[in-house]
Amino acid sequence: MPIALVDCNNFYVSCERAFNPELEGKPVVVLSNNDGCAVARSNEVKALGVKMAEPWFKMEQLAKRHGIIALSSNYALYGDLSARVMSLLSTFSPKQEIYSIDECFLDLDGFDLQSLVAYGQTIRRTIKQYVGIPVCVGIAETKTLAKLANHCAKKRLAGRDGVCDFGRYSDTQLSKLFATIPVNDVWGVGRKISQSLIAMKIETVEDLRTANQTRMRQQFSIVVERTVKELNGISCIELDGTDTPRQQIMVSRSFGQEVSNFDDLAESIAYFASTAAEKLRKDGSVATSLCVFIQTNPFKDKSPQYQRSLIVPMGEPTGDSIKLVNAAIQGLRVIYRVGYSYKKSGVLLMGLQSRDAIQASLFDDAAEQDKSSKLMTLMDTVNQRMGKGSVTIAASGTKRRWSMRRDSKSPDYTTAWDELPIAR
């Protein structure tokens with residue numbers, strides 16, 4: 001059964017370039033929260049030796065010498081473009097598994113094997129034309145091999161023009177190709193496992209593919225044995241075409257500047273709880289409890305350190321922003337301590353259940369629940385039509401002195417009316 005892995009190239013950078021063509025061909029990095037580390041790098045930046053998650057302050061001199069353009073992360077833009085890409089990709093297969101914000105698997109079972117490369121090219125052209133994002137396509141008999149084929153398509157080790165179909169190559173050709181790829185490029189082989197494999201003289205993909213499966217299971221785990229089988233074309237990881245409900249929802253950020261007073265901290269907690277509640281309702285779920293946490297800056301060794309969390313049970317499962325915000329702030333009152341400068345806070349919604357599966361109790365107030373449901377629906381509708389934050393909980397504030405530092409953020413081209421791109 002052929003499987004395709006479609007992966008967006010340098011996704012965050014590509015999203016920025018889609019609305020700012022002047023960035024094409026230039027070295028670009030997208031920075032993490034508070035403009036800390038590189039979370040996306042253009043090929044030009046990779047060629048300069050900049051590693052993923054490298055702190056910005058360490059590359060500032062290199063940036064000046066080579067004209068590296070640093071942009072703050074714009075998650076609203078990236079999330080919206082991801083949704084558009086995934087929606088388009090769903091039209092190319094009856095079964096799709098979205099693996100991450102920038103990649104998904106497509107089931108190609110029953111497709112003409114001789115035309116899969118051409119089909120992959122059609123996928124690439126369509127995504128580029130309709131969304132402006134370049135993608136690469138890897139095609140193989142298992143998910144692990146499809147990931148590896150996508151890696152080859154990106155590195156131009158095999159395939160042509162961003163599409164690699166392992167089904168077009170003989171066993172001898174694949175063996176020669178796999179012998180040139182380091183073992184740590186295999187999906188699921190992390191740093192620690194790869195170090196152990198290298199110590200056993202298993203240094204390439206081909207070494208792992210031809211390794212004794214029983215030994216791999218004894219030495220490591222069934223997961224590594226499964227990887228070896230997948231590399232040999234034996235499917236062990238099923239394609240999951242269902243949307244599995246989330247078990248938890250976390251919203252957390254490091255602050256752009258440290259805060260010490262309760263009101264600023266409560267404002268951040270209220271904002272995070274409200275944001276988490278929106279995600280909860282979008283999933284059609286409710287939460288039975290939440291965890292609120294705060295912490296100081298662990299990198300300031302000479303400053304007083306404090307961190308604390310508290311689980312707050314809800315009286316009944318709910319997706320109501322007002323109830324969740326109130327519960328989060330009540331929890332904050334318990335764990336807050338005067339005399340500390342806080343760098344981070346967050347809210348974790350737990351015990352998630354389907355909204356439609358809640359069992360009614362004798363003491364439920366049906367009128368109150370109906371009023372809450374209508375109010376939340378109205379909030380979500382207005383925010384969807386008029387832009388996020390058009391209607392929000394007052395406790396989440398407006399000044400937000402604790403907000404992330406994003407000095408070089410691009411406009412929210414697709415999610416804010418007043419930031420729509422202008423054709424000149």
Side-chain angles (χ1 to χ4, degrees), residues 32-34 36 75-76 246-283 285-353 368-369 372 375-376 379-380 383 388-406:
S32 62
N33 295 343
N34 296 309
Y75 298 119
R246 286 185 275 193
Q247 300 302 307
Q248 297 178 331
I249 294 177
M250 175 181 282
V251 179
S252 172
R253 294 285 186 275
S254 294
F255 304 148
Q257 61 182 24
E258 295 177 358
V259 300
S260 55
N261 67 73
F262 178 84
D263 289 341
D264 283 337
L265 208 54
E267 191 178 90
S268 73
I269 288 295
Y271 178 78
F272 296 150
S274 180
T275 301
E278 290 180 20
K279 296 182 178 182
L280 186 71
R281 293 193 296 272
K282 188 175 181 179
D283 287 353
S285 301
V286 290
T288 59
S289 63
L290 64 81
C291 176
V292 57
F293 64 90
I294 53 176
Q295 70 176 61
T296 54
N297 191 341
F299 299 104
K300 286 191 173 181
D301 299 332
K302 297 181 180 179
S303 299
Q305 296 294 311
Y306 176 77
Q307 62 177 1
R308 183 81 185 277
S309 63
L310 180 71
I311 295 176
V312 182
M314 305 302 297
E316 58 185 18
T318 184
D320 189 309
S321 293
I322 298 174
K323 294 178 181 179
L324 291 168
V325 166
N326 286 338
I329 292 179
Q330 288 175 13
L332 176 63
R333 293 186 188 280
V334 176
I335 63 177
Y336 172 75
R337 296 291 182 272
V338 177
Y340 294 96
S341 295
Y342 296 95
K343 182 63 175 176
K344 186 176 183 178
S345 71
V347 172
L348 173 67
L349 302 186
M350 303 184 299
L352 307 191
Q353 303 175 4
E368 179 62 27
Q369 290 181 351
S372 168
L375 179 58
M376 292 302 105
M379 280 183 58
D380 293 340
N383 286 330
K388 184 177 180 180
S390 297
V391 178
T392 186
I393 305 298
S396 63
T398 56
K399 295 182 179 179
R400 297 174 184 166
R401 290 182 288 272
W402 47 268
S403 293
M404 292 189 299
R405 185 176 69 252
R406 294 195 288 180

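Any value given below was found using the heavy atoms of this structure, including those in side chains, with hydrogens, waters and symmetry copies removed.
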At their closest point, which heavy atom of [X] faces which heavy atom of [Y], and how far apart are they?
| X | Y | result |
| --- | --- | --- |
| Ile322 | Asp320 | N-OD1, 2.7 Å |
| Gln305 | Pro298 | OE1-CA, 3.4 Å |
| Arg281 | Ser321 | NH1-OG, 2.8 Å |
| Val325 | Ala270 | CG2-O, 3.6 Å |

Look up atom [atom1] in [X] and atom [atom2] in [Y], then write down how far apart they are to the nearest 0.5 Å.
| X | Y | atom1 | atom2 | answer |
| --- | --- | --- | --- | --- |
| Ser285 | Leu352 | OG | CG | 5.5 Å |
| Tyr336 | Leu265 | OH | CG | 7.0 Å |
| Leu348 | Gln248 | CG | CD | 4.5 Å |
| Ser289 | Met314 | OG | CE | 9.0 Å |
| Ile393 | Met379 | CD1 | CE | 4.5 Å |
| Thr296 | Lys344 | OG1 | NZ | 12.0 Å |

Does the salt bridge (charged side-chain N to carboxylate O under 4.0 Å, His left out) test come out yes or no for Lys323 and Glu316, once each step is laid out?
-> CA-CA 10 Å; Lys323 294 178 181 179; Glu316 58 185 18; 3.7 Å; yes
Can you check side chain to side chain contact (heavy atoms under 4.5 Å, CB included) on Val251 and Val347, steps first, answer last?
-> CA-CA 6 Å; Val251 179; Val347 172; 5.6 Å; no
Minimum side-chain heavy-atom gap [X]-[Y] below 4.5 Å:
| X | Y | result |
| --- | --- | --- |
| Ile249 | Met350 | no |
| Arg337 | Tyr342 | yes |
| Ile311 | Leu290 | no |
| Phe262 | Val338 | no |
| Gln353 | Thr288 | yes |
| Val292 | Ile269 | yes |

Using only heavy-atom distances, determine whether the side chains of Ser268 and Ser345 contain a donor-acceptor pair under 3.5 Å.
-> yes
Sequence neighbours excluded, every pair satisfying ring pair (Phe, Tyr, Trp, His ring centres under 6.0 Å) that has a member inside residues 292-324 = Tyr306-Tyr340
Glu278 meets the salt bridge (Lys or Arg N to Asp or Glu O under 4.0 Å) criterion, sequence neighbours left out, with none
Taking only residues two or more places apart in sequence, or in another chain, which ones meet Pro313 in a side chain to side chain contact (heavy atoms under 4.5 Å, CB included)?
-> none
Residues passing the side chain to side chain donor-acceptor pair (under 3.5 Å) test with Gln330, sequence neighbours excluded, are none
Could you pull out all residues at least two apart from Thr275 that satisfy side chain to side chain donor-acceptor pair (under 3.5 Å)?
-> none
Per the side-chain contact (heavy atoms from CB on, under 4.5 Å) rule, which among Val286, Leu280, Ile329, Val312 passes with Leu324?
-> Leu280
For residues 287-298, which residue pairs qualify under salt bridge (charged side-chain N to carboxylate O under 4.0 Å, His left out), counting only residues two or more places apart or in two chains?
-> none
Residue Arg333 excluded, over 12 heavy atoms near CZ under 6.0 Å | no
Go through Lys343 and Lys300 one step at a time and tell me if the side chain to side chain contact (heavy atoms under 4.5 Å, CB included) criterion holds.
-> CA-CA 10 Å; Lys343 182 63 175 176; Lys300 286 191 173 181; over 6 Å; no
Test item: Arg308 side-chain N/O and Ile335 main-chain N/O as donor-acceptor pair under 3.5 Å = no
